[in-house]
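To keep things clear, I will list the structure first and then write my remarks on it.
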Amino acid sequence: RQALEEMRALYERNQADVSEAKSGRTDLIFLIRFRHCCLLRNQRCIVAYLYDRLLRIRALRWEYGSILPNTIQFHMSAEEVEWFSRYKKSLATYMRSVGGEEGLDLTQDLKPPKSLYIEVRCLRDYGEFEIDDGTTVLLKKNSQHFLPRWRCEQLIRQGVLEHILS
């Protein structure tokens, strides 16, 4: 916001000096050019900042899944929430298009697994959790379970489960 206010002030001063320079004051040309360079620099900084925020928002999709926690969404603008939603839909469309009729979930294993099943501890009450074979497991705080890694990966990233390393 400060950079935008500074840019607005520089632009207004340049506009005033340009009209004076047109009337014959050539000594203002260097000052006008200098302010214009400052405007371009601030513009590059703002674009770099916005691009960095988009990269971080994109990383949030891979880290937290398709639903962001409220504490993170609170710090995002409406445009950023909309961009996240469009990115989420685009990624889901792509994942459905590859891997046959079920699609391929690219977010399930961010690191190659050492084993297919892992031991996890539930950090908070979550409720019933269904595994692919139809078995349901009740995830209560401090309970421990031996579950398929790919089903737990998302809940581990969300902070619901903790991987117990033996």
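Index from 1, following the sequence.
Taken together through direct or relayed side-chain contacts under 4.5 Å among Ile, Leu, Val, Met, Phe, Trp and Tyr, Val81 and Trp62 form part of one hydrophobic cluster. A single hydrophobic cluster is seen to contain both Tyr64 and Leu54, as judged by linkage of ILVMFWY side chains at heavy-atom distances under 4.5 Å, directly or through other members. One hydrophobic cluster holds both Leu91 and Trp83 under the rule that ILVMFWY side chains link at heavy-atom gaps under 4.5 Å. Both Val137 and Val160 are assigned to one and the same hydrophobic cluster, defined by single-linkage of ILVMFWY side chains at heavy-atom distances under 4.5 Å. Following chains of ILVMFWY side-chain contacts shorter than 4.5 Å, one cannot reach Ile164 starting from Ile118, and the two form parts of different hydrophobic clusters.
Between Leu68 and Met76, the shortest heavy-atom distance links the atoms CD1-SD, 3.7 Å. Across every non-hydrogen atom of Asp125 and Lys141, the tightest pair is OD1-N, 2.8 Å. Here the closest heavy-atom approach between residue Gly65 and residue Phe84 is recorded as O-CZ, 3.7 Å. Across all their heavy atoms, Gly159 and Leu123 have their closest contact at O-CD1, 3.6 Å.
Screening residues 13-59 for ring-ring contact (aromatic ring centres under 6.0 Å, His included), with sequence neighbours left out, gives no hits.
The line from NZ of Lys89 to CZ of Arg86 is 9.5 Å long, rounded to the nearest 0.5 Å. From Glu79, atom CD reaches atom CG of Leu50 across 10.0 Å, with rounding to the nearest 0.5 Å. Distance check, rounded to the nearest 0.5 Å: SG of Cys152 to CD1 of Ile131 gives 7.5 Å. Between atom CG of residue Leu31 and atom CG of residue Asn14 there is a gap of 7.0 Å, rounded to the nearest 0.5 Å. Atoms CD1 and CD, from Ile32 and Glu20 in turn, are 8.5 Å apart once rounded to the nearest 0.5 Å. Here the straight-line distance linking atom NZ of Lys88 with atom OG of Ser66 works out to 5.5 Å at 0.5 Å rounding.
Ring geometry for Phe129 against Tyr126 counts as perpendicular: the plane angle is over 60°, on a 0 to 90° scale with 30° as the lower cut.
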Just list the side-chain donor-acceptor pairs under 3.5 Å for residues 5-13, sequence neighbours left out, or say none.
unit_1, atom_1, unit_2, atom_2, d
Glu6, OE2, Asn42, ND2, 3.3
Tyr11, OH, Gln15, NE2, 3.4

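Take Asp27 and apply the side-chain hydrogen bond (donor to acceptor under 3.5 Å, both in side chains) test, not counting sequence neighbours, and it matches Arg25. In this view, Glu162 and Arg121 satisfy the side-chain hydrogen bond (donor to acceptor under 3.5 Å, both in side chains) rule, not counting sequence neighbours. Not counting sequence neighbours, the partners of Asp52 by the side-chain hydrogen bond (donor to acceptor under 3.5 Å, both in side chains) test are Arg56. Qualifying salt bridge (charged side-chain N to carboxylate O under 4.0 Å, His left out) partners for Arg35, counting only residues two or more places apart in sequence or in other chains: Asp17.
The number of heavy-atom neighbours closer than 6.0 Å to CD1 of Ile67, taken from other residues, nucleotides and ligands shown, is 12 or below.
In this structure, Arg149 and Tyr117 have side chains that are not in contact, with every pair of non-hydrogen atoms separated by 4.5 Å or more. Annotation: side chain of Tyr94 is in contact with side chain of Leu106 (closest heavy-atom distance under 4.5 Å).
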Audit row: Met95, Ser97, side-chain contact (heavy atoms from CB on, under 4.5 Å) steps and yes/no: CA-CA 5 Å; Met95 288 191 300; Ser97 71; over 6 Å; no
Residues Leu4, Arg1; criterion side-chain contact (heavy atoms from CB on, under 4.5 Å); working and verdict: CA-CA 5 Å; Leu4 285 174; Arg1 289 186 185 132; 5.6 Å; no
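Tested against Leu155, the residues Leu139, Leu147, Val120 include a single side chain to side chain contact (heavy atoms under 4.5 Å, CB included) partner, Leu139.
Without hydrogens or angle criteria, Glu80 side chain to Ser77 main chain gives a donor-acceptor distance under 3.5 Å.
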